[in-house]
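One structure below.
Note that the structure is predicted; figures quoted are calculated from it, not measured.
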Amino acid sequence: MNFLAPQELIDELGIYILQYDRAGYGESDPNPKRSLKSEALDIEELADLLQIGSKFYLIGVSMGSYATWSCLNYIPNRLAGVAMIAPVINYLWPSFPESLIKEDYRRKLIKWSMWFANYFPRLLYWWVTQKWLPSNSVIEKNPAFFNKRDIDILETIPGFPMLTKNKLREQVVFDTLRGDWMVAFGNWEFDPLKLSNPFPDNRSSAHIWQGYEDKVVPSQIQRFVTQKLPWIQYHEVPDGGHLIVHYSGLCEAILKALLLGEENLSYRPRPEVFVS
């Protein structure tokens, strides 16, 4: 997923946006031993080699946000500020109460996928490349994963080219996605919900941006995360799904909140209503 901020705003803010290929993606070499810590150290090494300074802002989108959580744990001293957009949720985080995640069907899907990825990777490879399974284009229009705004967006963007059957038949692509999945949803070396505020002087900030109608990452669980971590500012797109980073105006709002401290009232979370 790209981060599409208008060039006029980039010039106005005087910023440089660096997007890089994590291990196994694009032209970056695969790392069979990838871990939460290696993701953070890769980012730190890249920043040092490019000499972009002692501190930098970090923006993570969807699955890429597990690397952002890792940076908050392993290299918080290097971060000038953090924004996570529809960040991944790991149901194994120990601070989640069972009552919150017990009935979530996504938890069961991830559990079964992890079991196959861990113990039967060849069977999983055979399964995801079968011709009779639904194509990626069918999945991208599936209301089980995407709300109406997401499906409209998928008509205008390339979608998820790495998840097509032709790409998944390439062993390096399959292994990269499997490795990503196992790190993101496996046992973490730390509990994100117990992280300390890396910006205690309030000179910098951390943000989570979430779609209220996200069917991949539930907004209810994301709200719980930010309740446990009150130093993270929570923003919510009322009719947003998982692809909010592509919504018009959102990237501008993210940059202005992260760099200027400006709050867009359109993204204040709606109050929860409980009926007894």
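Ion pairing between D42 and R34 fails under the 4.0 Å rule for side-chain N and carboxylate O. The existence of a salt bridge linking D48 and R78 is confirmed by a sub-4.0 Å separation between a basic side-chain nitrogen and an acidic carboxylate oxygen. Between K256 and E263 there is no salt bridge, since none of the side-chain N atoms of the basic residue sits less than 4.0 Å from a carboxylate O of the acidic one. Note on E236 versus R268: no salt bridge recorded, every NZ/NE/NH1/NH2 to OD/OE distance being 4.0 Å or above. With respect to K37 and E44, no salt bridge is recorded, no charged nitrogen being found less than 4.0 Å from a carboxylate O.
Counting Ile, Leu, Val, Met, Phe, Trp and Tyr side chains that sit under 4.5 Å apart, directly or through other members, L49 stands alone, with no cluster partners.
N31 places none of its side-chain heavy atoms less than 4.5 Å from the side chain of R22. Residues S219 and D214 form no side-chain contact, since every pair of their non-hydrogen atoms from C-beta on lies 4.5 Å or further apart. Residues L4 and V245 have side chains not in contact (no heavy-atom distance under 4.5 Å, counting atoms from C-beta outward).
A donor-acceptor pair under 3.5 Å is absent between the side-chain atoms of K215 and the main chain of H242, judged by distance alone. Side-chain N or O atoms of S113 include one that pairs as donor or acceptor with a backbone N or O of L109 at under 3.5 Å. At least one donor-acceptor pair under 3.5 Å links the side chain of T176 to the backbone N or O of V172. Although no hydrogens or angles enter the test, the distance criterion places no donor-acceptor pair under 3.5 Å between the side chain of S65 and the main chain of T68. Formation of a donor-acceptor pair under 3.5 Å by the T226 side chain with backbone atoms of Y234 is not found in this model. A donor-acceptor pair under 3.5 Å links the side-chain atoms of D150 to the main chain of L243, judged by distance alone. Judged by distance alone, with hydrogens and angles left aside, the side-chain atoms of N90 form a donor-acceptor pair with the main-chain N or O of G186 at under 3.5 Å.
Donor-acceptor pairing under 3.5 Å is recorded for the side chains of S95 and D191. Side chains of N147 and Y212: no donor on one and acceptor on the other come within 3.5 Å.
The shortest non-hydrogen separation linking L36 to V183 is N-CG1, 3.8 Å. Summarising the geometry of P87 relative to V217, their closest heavy-atom pair is O-CG1, 3.4 Å, with the distance given to 0.1 Å. Between I244 and L250, the shortest heavy-atom contact is O-CD2, 3.2 Å. When all heavy atoms are compared, the tightest approach of A5 to I10 is O-CD1, 3.8 Å. Smallest separation of non-hydrogen atoms from W93 and P192: CE2-CG, 3.5 Å. Residues F185 and L92 come closest through the heavy atom pair O-CD1, 3.5 Å.
The hydrophobic clustering, which links ILVMFWY residues whose side-chain heavy atoms are closer than 4.5 Å, places F56 and L41 apart. A continuous path of ILVMFWY side-chain contacts below 4.5 Å connects F145 to I85, so both sit in one hydrophobic cluster. Linking Ile, Leu, Val, Met, Phe, Trp and Tyr residues whenever their side-chain heavy atoms come within less than 4.5 Å leaves V225 and Y267 in two separate clusters. Under a hydrophobic clustering in which Ile, Leu, Val, Met, Phe, Trp and Tyr are joined whenever their side-chain heavy atoms come within less than 4.5 Å, directly or via other members, L46 and I15 fall into different clusters. Under the 4.5 Å side-chain heavy-atom criterion for Ile, Leu, Val, Met, Phe, Trp and Tyr, W188 and L195 are members of the same hydrophobic cluster.
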(request) Please test Q222 against I89 for side-chain contact (heavy atoms from CB on, under 4.5 Å), starting from the C-alpha separation and ending with a verdict. (result) CA-CA 8 Å; Q222 210 72 270; I89 289 290; 3.5 Å; yes

(request) Would you check, one step at a time, whether the test salt bridge (Lys or Arg N to Asp or Glu O under 4.0 Å) holds for K148 with D239? (result) CA-CA 9 Å; K148 184 181 183 305; D239 58 348; over 6 Å; no

(request) Could you give me the CA-CA distance, side-chain angles and deciding distance for L177 and Y25, then say whether side-chain contact (heavy atoms from CB on, under 4.5 Å) is met? (result) CA-CA 9 Å; L177 291 171; Y25 291 90; 3.6 Å; yes

(request) Dump the intermediate steps for side-chain contact (heavy atoms from CB on, under 4.5 Å) on Y74 and E189, then the final yes or no. (result) CA-CA 11 Å; Y74 290 111; E189 304 108 33; 2.5 Å; yes

(message) Walk me through whether I208 and H235 qualify under side-chain contact (heavy atoms from CB on, under 4.5 Å).
(response) CA-CA 6 Å; I208 283 180; H235 314 266; over 6 Å; no

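Here Q7 contributes atom CD and I17 contributes atom CD1; the two are 8.5 Å apart, rounded to the nearest 0.5 Å. Going from atom CH2 of W69 over to atom CG of L72 covers 6.5 Å, rounded to the nearest 0.5 Å. The SG atom of C251 sits 10.0 Å away from the CH2 atom of W209 when rounded to the nearest 0.5 Å. The CD atom of E252 sits 10.5 Å away from atom CG of L13, with the distance rounded to the nearest 0.5 Å. The NZ atom of K102 lies 13.0 Å from the CG atom of L100; values are rounded to the nearest 0.5 Å. Within the model, atoms CD of Q220 and CD of Q210 stand 9.0 Å from one another, a figure rounded to the nearest 0.5 Å.
Checked against the 6.0 Å centroid threshold, F199 and W231 do not count as a close aromatic pair.
Dense packing is recorded around CD of E98, with more than 12 heavy atoms of other residues, nucleotides or ligands lying under 6.0 Å away. Within 6.0 Å of CD on E45 lie no more than 12 heavy atoms contributed by other residues, nucleotides or ligands. Surrounding OH of Y16 are at most 12 heavy atoms belonging to other residues, nucleotides or ligands under 6.0 Å away. The number of heavy atoms from other shown groups lying within 6.0 Å of NZ (K108) does not exceed 12.
Aromatic ring orientation, F96 versus Y91: tilted (interplanar angle from 30° to 60°).
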